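Keep in mind that the numbers below use all heavy atoms, side chains included, and drop hydrogens, waters and symmetry copies. What you see is a predicted model; the values in this text were computed from it and never measured.
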Amino acid sequence: RQYQRRVHGDDQVPNALIFIDKYSQVARMVYPILRTIDHIDKLADGKATKLYINQTFGGSERLKCLILQDFFRHAFDGSGGDNMLDAGNCIDGRLTSAWNWCQNIRTKPFYPVFLMSGFSSFDDDLEAD
(Lines give C-alpha, C1' and ligand atoms only; values in the text may rest on other atoms or scores of the structure.)
Protein backbone atom coordinates (compact mmCIF):
# COMPACT_ATOMS: atom_id res chain seq x y z
CA ARG A 1 0.00 0.00 0.00
CA GLN A 2 1.56 3.27 -1.11
CA TYR A 3 0.51 6.70 -0.02
CA GLN A 4 2.09 10.08 0.35
CA ARG A 5 1.80 11.77 3.72
CA ARG A 6 1.71 15.50 3.99
CA VAL A 7 4.17 17.15 6.33
CA HIS A 8 2.48 19.40 8.87
CA GLY A 9 -0.68 19.39 6.75
CA ASP A 10 1.01 21.26 3.89
CA ASP A 11 0.76 19.94 0.31
CA GLN A 12 3.66 22.19 -0.71
CA VAL A 13 6.06 20.26 1.55
CA PRO A 14 6.21 16.63 0.37
CA ASN A 15 8.74 15.40 2.96
CA ALA A 16 10.51 16.36 6.17
CA LEU A 17 13.80 17.29 4.46
CA ILE A 18 12.11 19.95 2.36
CA PHE A 19 10.29 21.17 5.48
CA ILE A 20 13.62 21.60 7.34
CA ASP A 21 15.30 23.14 4.28
CA LYS A 22 12.64 25.85 4.05
CA TYR A 23 13.54 27.03 7.56
CA SER A 24 17.26 27.01 6.82
CA GLN A 25 16.63 29.46 3.97
CA VAL A 26 15.45 32.32 6.20
CA ALA A 27 18.92 33.90 6.34
CA ARG A 28 19.14 33.79 2.54
CA MET A 29 15.98 35.90 2.36
CA VAL A 30 16.69 38.35 5.16
CA TYR A 31 20.42 39.03 4.76
CA PRO A 32 20.24 40.70 1.30
CA ILE A 33 17.40 42.92 2.55
CA LEU A 34 19.37 43.96 5.63
CA ARG A 35 22.52 44.47 3.57
CA THR A 36 20.61 46.76 1.20
CA ILE A 37 19.10 48.72 4.10
CA ASP A 38 22.59 49.15 5.57
CA HIS A 39 24.00 50.35 2.22
CA ILE A 40 21.37 53.02 1.58
CA ASP A 41 23.16 55.65 3.68
CA LYS A 42 26.44 54.83 1.91
CA LEU A 43 24.71 55.22 -1.44
CA ALA A 44 23.29 58.56 -0.33
CA ASP A 45 26.85 59.83 0.22
CA GLY A 46 27.27 59.98 -3.56
CA LYS A 47 25.89 63.07 -5.27
CA ALA A 48 24.12 61.23 -8.12
CA THR A 49 22.74 58.41 -6.00
CA LYS A 50 21.58 60.85 -3.31
CA LEU A 51 19.69 62.81 -5.97
CA TYR A 52 18.15 59.56 -7.29
CA ILE A 53 17.12 58.43 -3.78
CA ASN A 54 15.69 61.84 -2.88
CA GLN A 55 13.78 62.36 -6.14
CA THR A 56 12.52 58.79 -6.46
CA PHE A 57 11.82 57.83 -2.86
CA GLY A 58 11.83 61.05 -0.85
CA GLY A 59 15.08 60.36 0.99
CA SER A 60 17.05 57.56 2.58
CA GLU A 61 14.79 57.00 5.58
CA ARG A 62 11.65 56.85 3.44
CA LEU A 63 13.37 54.38 1.12
CA LYS A 64 14.31 52.13 4.04
CA CYS A 65 10.74 52.27 5.31
CA LEU A 66 9.35 51.54 1.85
CA ILE A 67 11.49 48.40 1.52
CA LEU A 68 10.64 47.14 5.00
CA GLN A 69 6.93 47.99 4.69
CA ASP A 70 6.71 46.19 1.38
CA PHE A 71 8.49 43.14 2.75
CA PHE A 72 6.42 42.89 5.92
CA ARG A 73 3.17 43.62 4.09
CA HIS A 74 3.64 41.05 1.32
CA ALA A 75 6.14 38.48 2.59
CA PHE A 76 3.67 37.08 5.11
CA ASP A 77 0.36 37.47 3.29
CA GLY A 78 -0.20 33.85 2.26
CA SER A 79 0.85 34.40 -1.35
CA GLY A 80 3.03 31.99 -3.25
CA GLY A 81 0.93 28.85 -3.00
CA ASP A 82 -1.37 27.55 -5.69
CA ASN A 83 -4.25 28.65 -3.49
CA MET A 84 -4.71 29.90 0.07
CA LEU A 85 -5.12 26.36 1.43
CA ASP A 86 -1.92 25.17 -0.22
CA ALA A 87 -0.04 28.27 0.91
CA GLY A 88 -0.37 27.08 4.48
CA ASN A 89 -1.73 28.81 7.52
CA CYS A 90 1.31 28.68 9.78
CA ILE A 91 4.96 29.77 9.65
CA ASP A 92 5.59 27.40 6.76
CA GLY A 93 3.00 29.22 4.67
CA ARG A 94 4.62 32.52 5.58
CA LEU A 95 7.97 31.21 4.33
CA THR A 96 6.27 30.39 1.04
CA SER A 97 5.03 33.99 0.93
CA ALA A 98 8.48 35.35 1.76
CA TRP A 99 10.05 33.35 -1.06
CA ASN A 100 7.32 34.64 -3.35
CA TRP A 101 8.28 38.23 -2.38
CA CYS A 102 11.92 37.43 -3.10
CA GLN A 103 11.00 35.92 -6.46
CA ASN A 104 9.21 39.17 -7.37
CA ILE A 105 11.96 41.56 -6.22
CA ARG A 106 12.67 42.58 -9.82
CA THR A 107 9.20 44.12 -10.07
CA LYS A 108 9.70 46.41 -7.06
CA PRO A 109 10.44 50.12 -7.57
CA PHE A 110 13.41 49.84 -5.21
CA TYR A 111 15.07 46.95 -7.09
CA PRO A 112 17.74 49.29 -8.59
CA VAL A 113 18.78 50.19 -5.03
CA PHE A 114 19.29 46.48 -4.29
CA LEU A 115 21.51 46.25 -7.37
CA MET A 116 23.49 49.36 -6.40
CA SER A 117 24.02 47.76 -2.98
CA GLY A 118 25.71 44.73 -4.52
CA PHE A 119 22.68 42.44 -4.69
CA SER A 120 22.69 39.79 -7.41
CA SER A 121 20.39 37.11 -5.98
CA PHE A 122 19.05 35.63 -2.79
CA ASP A 123 21.47 32.73 -3.29
CA ASP A 124 24.60 34.87 -2.84
CA ASP A 125 27.34 34.10 -0.35
CA LEU A 126 26.07 35.25 3.05
CA GLU A 127 29.59 36.15 4.17
CA ALA A 128 30.27 38.58 1.31
CA ASP A 129 29.64 42.23 1.95
Side-chain angles (χ1 to χ4, degrees):
R1 181 175 171 179
Q2 292 183 343
Y3 63 94
Q4 182 178 6
R5 295 186 71 177
R6 298 184 326 182
V7 175
H8 193 60
D10 190 341
D11 288 328
Q12 302 298 319
V13 184
N15 63 55
L17 292 177
I18 291 175
F19 188 76
I20 292 168
D21 181 63
K22 286 181 87 169
Y23 288 91
S24 70
Q25 299 299 317
V26 171
R28 294 209 176 275
M29 290 182 272
V30 173
Y31 185 74
I33 297 166
L34 295 177
R35 183 171 49 191
T36 299
I37 296 293
D38 285 344
H39 276 84
I40 289 172
D41 289 331
K42 294 174 191 164
L43 290 171
D45 286 341
K47 188 176 181 179
T49 51
K50 181 176 185 169
L51 183 63
Y52 168 73
I53 289 169
N54 287 341
Q55 287 183 343
T56 307
F57 304 104
S60 296
E61 292 305 311
R62 289 194 60 173
L63 173 57
K64 292 175 191 178
C65 287
L66 175 66
I67 293 169
L68 293 173
Q69 286 172 343
D70 192 78
F71 179 75
F72 286 109
R73 180 177 295 127
H74 299 292
F76 306 105
D77 64 1
S79 62
D82 294 333
N83 57 55
M84 289 305 278
L85 284 176
D86 285 344
N89 60 1
C90 62
I91 187 64
D92 185 55
R94 303 306 72 106
L95 289 174
T96 300
S97 298
W99 270 122
N100 188 56
W101 185 90
C102 295
Q103 177 68 29
N104 292 313
I105 189 76
R106 287 175 174 81
T107 66
K108 305 293 182 180
F110 44 76
Y111 180 62
V113 177
F114 271 71
L115 295 175
M116 287 186 275
S117 298
F119 174 82
S120 63
S121 79
F122 286 97
D123 292 323
D124 272 352
D125 181 9
L126 297 179
E127 301 300 318
D129 199 3

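Remark: N100 CG to I105 CD1 distance equals 11.5 Å, nearest 0.5 Å. Note: D41 CG to S60 OG = 5.0 Å, rounded to the nearest 0.5 Å.
Linking ILVMFWY side-chain heavy atoms closer than 4.5 Å, directly or via other members, places L43 and L51 in two distinct hydrophobic clusters.
Between A27 and P32, the shortest heavy-atom contact is O-CD, 4.0 Å. Counting all heavy atoms, side chain and backbone alike, R106 lies closest to S120 at NH2-O, 4.1 Å. Closest approach of A44 to T49, counting heavy atoms only: N-OG1, 4.3 Å.
No option in I67, I53, I40 other than I67 meets the side chain to side chain contact (heavy atoms under 4.5 Å, CB included) test with F110.
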Let me have the donor-acceptor pairs involving side chains of residues 68-75, under 3.5 Å, with sequence neighbours excluded, atom names and distances please.
from: D70; atom 1: OD2; to: W101; atom 2: NE1; distance (Å): 2.6
from: D70; atom 1: OD2; to: K108; atom 2: NZ; distance (Å): 2.9

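Annotation: side chain of T56 is not in contact with side chain of P109 (no heavy-atom distance under 4.5 Å).
Between W99 and F122, the two ring planes are perpendicular [angle over 60°; tilted spans 30° to 60°].
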